[in-house]
There are 2 protein chains.
Amino acid sequence: MKKKSKTTIHDIANKLGITASTVSRALNNHPRISENTKKLVMETAKEINYKPNQIAVALRNGRSKLIGITVPTVNRNFFSSVVRGIEAFVNKRGYKVIISQSYDDYEKEKETINALLDARVDGIMVSIGKQTKDLSHFQSVINKGIPLVFFDRVNHELPVSQVVINDRKAAYQLTKHLIQQGYRKIAHFTSATKINIYAERLQGYLDALTEHGIAINPDLIMESNMQLEDGKECVQRLLDKGMGFDAIFSSSDYGIVGAMQTLRKYNVRIPQEVGLAGFGNEPFTEFTSPALTTVDQVSIPMGEETAKMFFDLMENDPYQKYPKKIVLEPRIIIRESSLRQ
Amino acid sequence: MKKKSKTTIHDIANKLGITASTVSRALNNHPRISENTKKLVMETAKEINYKPNQIAVALRNGRSKLIGITVPTVNRNFFSSVVRGIEAFVNKRGYKVIISQSYDDYEKEKETINALLDARVDGIMVSIGKQTKDLSHFQSVINKGIPLVFFDRVNHELPVSQVVINDRKAAYQLTKHLIQQGYRKIAHFTSATKINIYAERLQGYLDALTEHGIAINPDLIMESNMQLEDGKECVQRLLDKGMGFDAIFSSSDYGIVGAMQTLRKYNVRIPQEVGLAGFGNEPFTEFTSPALTTVDQVSIPMGEETAKMFFDLMENDPYQKYPKKIVLEPRIIIRESSLRQ
DNA sequence: TCCGTACATGCAATCGATTGCGCACAAATC
DNA sequence: GATTTGTGCGCAATCGATTGCATGTACGGA
């Protein structure tokens with residue numbers, strides 16, 4: 001067991017009989033340091049296994065090279081993939097990522113944002129939680145001049161740059177697909193429509209119905225928290241009320257799987273009697289039988305774009321005077337659950 | 001838009017006409033500071049919205065209050081839940097977590113460990129990647145006296161404390177259950193058995209067969225990477241070879257779902273003709289039809305125990321002279337896929 | 001009145017790396 | 001030969017918080 005070896009530039013300096021200043025400059029390839037000295041410093045650094053103390057660097061430079069990410073939960077294919085996209089991109093530029101989860105809880109979200117601020121991250125990327133009403137915690141990020149980017153679940157009241165997908169278009173296309181498959185009484189499962197993504201998806205659904213001259217039946221639009229159980233419940237309610245429906249488009253894959261389970265219990269044939277479509281391209285949508293039609297939210301590219309946006313903000317516009325918005329095109333994935341022709 | 005407000009203890013000191021030393025001591029509740037001064041300092045701190053610069057604190061104290069976690073991927077219910085358990089526990093003590101993913105790649109794992117070391121984390125928690133052969137990157141963590149804890153996918157060559165579940169027992173119980181359901185020709189899907197968890201699970205499977213006097217058929221033990229596609233392939237191979245089998249116990253939920261899909265293609269009835277059981281309690285095991293029998297790996301408790309272990313190491317034995325091992329009891333979840341009686 | 005003691009606070013170094021300024025010496029220019 | 005220009009490096013301050021030691025004051029006891 002060796003001692004806690006903490007080699008510093010001073011160790012290198014002592015070994016070579018020069019000062020720490022020179023070592024620092026040599027390591028940073030400063031033009032006023034001779035090639036010879038640089039070589040010596042580099043060699044010695046390697047020899048004594050020197051690693052810069054990032055904390056000291058951070059204190060001195062005011063940059064921690066840490067980026068904070070807050071998502072509702074990392075336990076969702078979409079979010080974990082976005083994080084992966086972000087990570088891959090920022091790692092290349094020497095940044096590390098702190099991931100924190102809000103669990104869709106407002107208080108917890110505030111806490112995580114403050115914790116990230118405490119940790120002196122250089123930037124924050126957020127997908128807003130479902131419960132979040134007040135936005136002052138984000139405002140204080142902006143006030144501090146720390147680059148902030150929203151992705152997927154965003155908010156338009158604050159001047160914050162954002163990366164989203166074209167939810168409305170995806171919902172429109174998917175609904176249109178259902179119509180083309182001959183479904184006419186299409187139900188829609190949605191969540192709190194104060195959240196941008198659900199509002200957009202609902203709108204896309206309405207667009208398609210309207211375009212095809214199908215009357216909108218408000219009773220077929222069910223709002224819930226969109227978890228598995230909610231999906232079951234919503235279908236149950238539709239059945240109980242004797243509401244005729246021949247398809248369901250759910251804004252969440254969890255909701256549609258729940259629906260599927262309940263329908264199966266009643267021996268409803270899918271897709272012959274009822275067509276199903278979800279949203280999110282969770283891996284399990286491929287596992288069900290029949291496999292579920294869904295929408296891929298291009299998570300990796302979204303992560304990359306979010307990261308790019310951060311660097312752009314940091315370099316050009318930390319106070320977000322000119323918020324930008326990037327809209328990515330989602331990808332419709334048609335599977336058996338909605339194919340009856 | 002306000003200026004980048006960076007309030008320091010000096011701002012408080014100036015405002016009150018005292019020195020930063022006094023402010024620091026007041027904030028840390030030092031006994032030699034008068035109650036009156038403390039009160040004034042606290043009030044002023046609140047007033048100007050002072051937040052300690054954790055980076056400066058970290059530099060001075062040599063503790064960053066950051067903990068690094070490396071997992072193969074966060075996009076797995078088990079790992080993300082363990083992380084959640086760790087997070088909940090360490091947050092209570094003022095620590096934050098940096099999550100990094102190795103994607104089961106050896107080089108990437110080394111990189112992440114080094115990156116965490118660079119970030120000067122106070123401790124590291126790891127679930128080892130599948131490809132990892134060499135362990136020198138972990139050795140250097142130990143050498144630096146940084147507390148290291150392995151969980152789930154561990155290694156016994158290094159003197160490192162660890163938290164695992166009783167994989168062998170779970171596999172034994174599950175296999176026994178299959179036997180009790182009348183299955184006799186039970187196949188086992190496993191992954192590289194140099195990895196502790198797969199070796200243990202295989203052993204538990206063998207234990208149960210032996211105990212019940214069932215001959216072990218090596219052709220029924222299939223090794224693969226255990227993803228969805230691997231599961232399909234393994235079943236296909238069994239079918240092609242005309243291997244008689246009436247049940248499959250897979251060491252991964254992904255493998256068993258793949259198997260299920262292929263079996264369904266051949267109209268094999270589950271669980272009547274073939275019983276299925278997986279491992280991991282991924283959420284989707286509940287969604288399939290029939291729902292899948294599996295094993296819950298008590299992820300949240302595992303995270304908590306891992307965190308406890310870290311604090312214990314930090315306070316008592318950072319060089320891990322006396323590695324400990326905690327074994328948690330997993331929970332068997334019996335569902336339709338293995339119930340034919 | 002003198003001294004020891006407790007109490008409240010200040011001074012200055014420290015953690016490790018960075019950087020503006022300045023100094024010494026050499027080479028180039030007139 | 002005198003002056004300018006350039007090169008290579010050291011000094012010391014800085015980032016913000018912490019802490020060992022020193023200082024100053026008040027108070028009680030002798």
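As a basis for the values below, the full set of heavy atoms in this structure was taken, side chains included, without hydrogen atoms, waters or symmetry mates. Here is the naming used below: chain letters follow the sequence lines, and residue numbers restart at 1 for every chain. Note that this is a predicted model, so its numbers are computed, not measured.
Here B:Ser80 pairs with A:Asn75 under the side-chain hydrogen bond (donor to acceptor under 3.5 Å, both in side chains) rule; sequence neighbours left out. For the side-chain hydrogen bond (donor to acceptor under 3.5 Å, both in side chains) test, no residue two or more places apart in sequence or in another chain qualifies with A:Glu157. Under the side-chain hydrogen bond (donor to acceptor under 3.5 Å, both in side chains) criterion, B:His156 pairs with B:Gln162, B:Lys325, not counting sequence neighbours. Residues satisfying the side chain to side chain contact (heavy atoms under 4.5 Å, CB included) test with A:Glu47, not counting sequence neighbours, are A:Lys15. Not counting sequence neighbours, the partners of A:Asp312 by the side chain to side chain contact (heavy atoms under 4.5 Å, CB included) test are A:Asn316, A:Lys324. Judged as a ring-ring contact (aromatic ring centres under 6.0 Å, His included), and not counting sequence neighbours, A:Tyr103 has no contacts.
Between the side chains of B:Thr70 and B:Ser102, no donor N or O sits under 3.5 Å from an acceptor N or O.
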Nucleic acid footprint by protein, nucleotides 13-22 of chain D - heavy-atom cut-off 4.0 Å, B for base, S for sugar-phosphate alone: BBBBBBBB--
Show me the donor-acceptor pairs within less than 3.5 Å that the side chains of residues 60-68 of chain A make with the rest of the protein, sequence neighbours left out.
residue	atom	partner	partner atom	Å
A:Ser64	OG	A:Leu66	N	3.2
A:Ser64	OG	A:Arg120	O	2.6
A:Ser64	OG	A:Asp122	OD1	3.4

Show which side-chain atoms of residues 302-310 of chain B pair as donor or acceptor with protein atoms under 3.5 Å away, not counting sequence neighbours.
residue	atom	partner	partner atom	Å
B:Glu305	OE2	B:Lys308	NZ	3.3
B:Thr306	OG1	B:Met302	O	2.6

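Less than 4.0 Å separates DNA chain D from at least one heavy atom of each of the following residues of residues 34-45 of chain A: A:Ser34, A:Thr37.
With axes fitted over five pairs at each extremity, the angle between the ends of the helix from C:dT1-D:dA30 to C:dC30-D:dG1 is 60° (10° resolution).
Nucleotide D:dG10 holds its P atom 10 Å from the CG atom of A:Leu16, rounded to whole Å.
Within the structure, salt bridge (Lys or Arg N to Asp or Glu O under 4.0 Å) contacts touching residues 97-106 of chain B (residues at least two apart or in different chains) are B:Asp104-B:Arg153.
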